[in-house]
Amino acid sequence: MTEVSSLTGRLLVATPALTDPNFDRAVVLLLDHDDEGSLGVVLNRPTPVTVGDILEPWAPLAGEPGVVFQGGPVSLDAALGVAVIPGDEGPLGWRRVHGAIGLVDLETPPELLAAALGSLRIFAGYAGWGPGQLEQELNEGAWYVVESEPGDVSCPRPETLWRAVLRRQRGELAMIATYPDDPSLN
């Protein structure tokens, strides 16, 4: 088997050519990527469900807009917490993924993390790829791979994230941010 270079902590930004409606203009934060597959959450799919509706103790800690995000098409009945915690050490109940970004154990009492949290998002479900599946999609040109920034997790206007992430890239990728929602209307 070929060795997979880890993309954990990076963003997958859907190309305009990606036709899967689950990932139309999606920005996915990869939480795990190795030779056994990949797992991430879609950062820009807010739902109308508030965090308080499903995880009331975590609601005061959730960043704006304070709703649950659809993390992907897999296991929509399961919740994942992703938080940014500045500094070198994270509190009990938080596992670093990349840089200041990590996963929150939602079974942990929220008060144990409250003082350390820089931001928190709750995701219903996740995006997952089996061994080699993501690499195949990358080879087919479905995704741009770019560096993440801690603020991507807590973007207060998630509907702008796809364009914002592309706009901050260099060269041609920055131009993709201007790609129309429906090119047939041009």
Side-chain angles (χ1 to χ4, degrees), residues 4-14 22-23 26-131 133-134 143 145-159 161-162 165:
V4 173
S5 175
S6 181
L7 299 176
T8 299
R10 300 193 68 193
L11 297 177
L12 299 177
V13 181
N22 290 306
F23 297 109
V27 178
V28 177
L29 172 66
L30 282 175
L31 301 171
D32 192 25
H33 177 252
D34 57 27
D35 59 359
E36 295 180 21
S38 304
L39 179 138
V41 289
V42 179
L43 296 177
N44 58 337
R45 294 281 189 272
T47 72
V49 178
T50 68
V51 173
D53 289 341
I54 62 162
L55 291 169
E56 195 278 325
W58 290 98
L61 301 176
E64 288 301 320
V67 297
V68 175
F69 282 68
Q70 184 173 337
V74 182
S75 294
L76 292 174
D77 57 346
L80 284 170
V82 177
V84 174
I85 296 185
D88 295 331
E89 294 296 318
L92 183 67
W94 180 78
R95 179 180 62 85
R96 185 176 313 279
V97 171
H98 178 79
I101 301 167
L103 286 169
V104 173
D105 177 355
L106 295 172
E107 298 295 319
T108 302
E111 55 273 9
L112 293 180
L113 290 128
L117 284 180
S119 66
L120 171 70
R121 277 271 155 87
I122 304 296
F123 296 90
Y126 63 91
W129 294 265
Q133 186 179 5
L134 178 57
W143 302 99
V145 179
V146 300
E147 294 298 325
S148 65
E149 295 181 1
D152 296 334
V153 171
S154 59
C155 180
R157 295 186 53 227
E159 70 279 2
L161 189 60
W162 186 83
V165 168

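Computed from a predicted model, the values in this text were never measured in an experiment. All values below were derived from every heavy atom in this structure, side-chain atoms included, with hydrogens, water molecules and symmetry-related copies excluded.
In this structure, A83 and L120 approach most closely via the heavy-atom pair CB-CD1, 4.1 Å. In plain terms, the two heavy atoms of E147 and R10 that are nearest each other are OE2-NE, 3.0 Å. When all heavy atoms of P158 and C155 are compared, the pair lying nearest together is CD-O, 3.6 Å.
Around atom CZ of R96, more than 12 heavy atoms belonging to other residues, nucleotides or ligands sit under 6.0 Å away.
Counting heavy atoms from C-beta outward, L12 and L134 have side chains that approach closer than 4.5 Å. Looking only at side-chain heavy atoms (C-beta outward), V42 and N22 stay at 4.5 Å or farther from each other. Looking only at side-chain heavy atoms (C-beta outward), L31 and T8 stay at 4.5 Å or farther from each other. Using a 4.5 Å heavy-atom cutoff, the side chains of P91 and I85 are in contact.
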Only pairs under 3.5 Å count here: list side-chain donor-acceptor contacts from residues 65-81, not counting sequence neighbours, and write none if there are none.
none

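S6 places no side-chain N or O within 3.5 Å of a backbone atom of D34 that could act as its donor or acceptor partner. Looking only at distances, no side-chain donor or acceptor of R95 sits under 3.5 Å from a matching main-chain atom of D105.
Partners of P109 under the side-chain contact (heavy atoms from CB on, under 4.5 Å) rule, at least two apart in sequence or in another chain, are E111, L112. Residues forming a side-chain contact (heavy atoms from CB on, under 4.5 Å) with S148 (at least two apart in sequence, or on another chain): L11, L29, H98, I101, D152. With sequence neighbours left out, the ring-ring contact (aromatic ring centres under 6.0 Å, His included) criterion links W94 to no other residue. For D32, there are no salt bridge (Lys or Arg N to Asp or Glu O under 4.0 Å) partners at least two apart in sequence or on another chain.
Summarising the geometry, atom CD belonging to E64 is positioned 12.0 Å from atom OG belonging to S119; distances are rounded to the nearest 0.5 Å. Here the CH2-NE2 distance, from W129 to H33, works out to 9.0 Å after rounding to the nearest 0.5 Å.
Applying the side-chain hydrogen bond (donor to acceptor under 3.5 Å, both in side chains) rule to pairs touching residues 47-62 yields T50-D53, sequence neighbours excluded.
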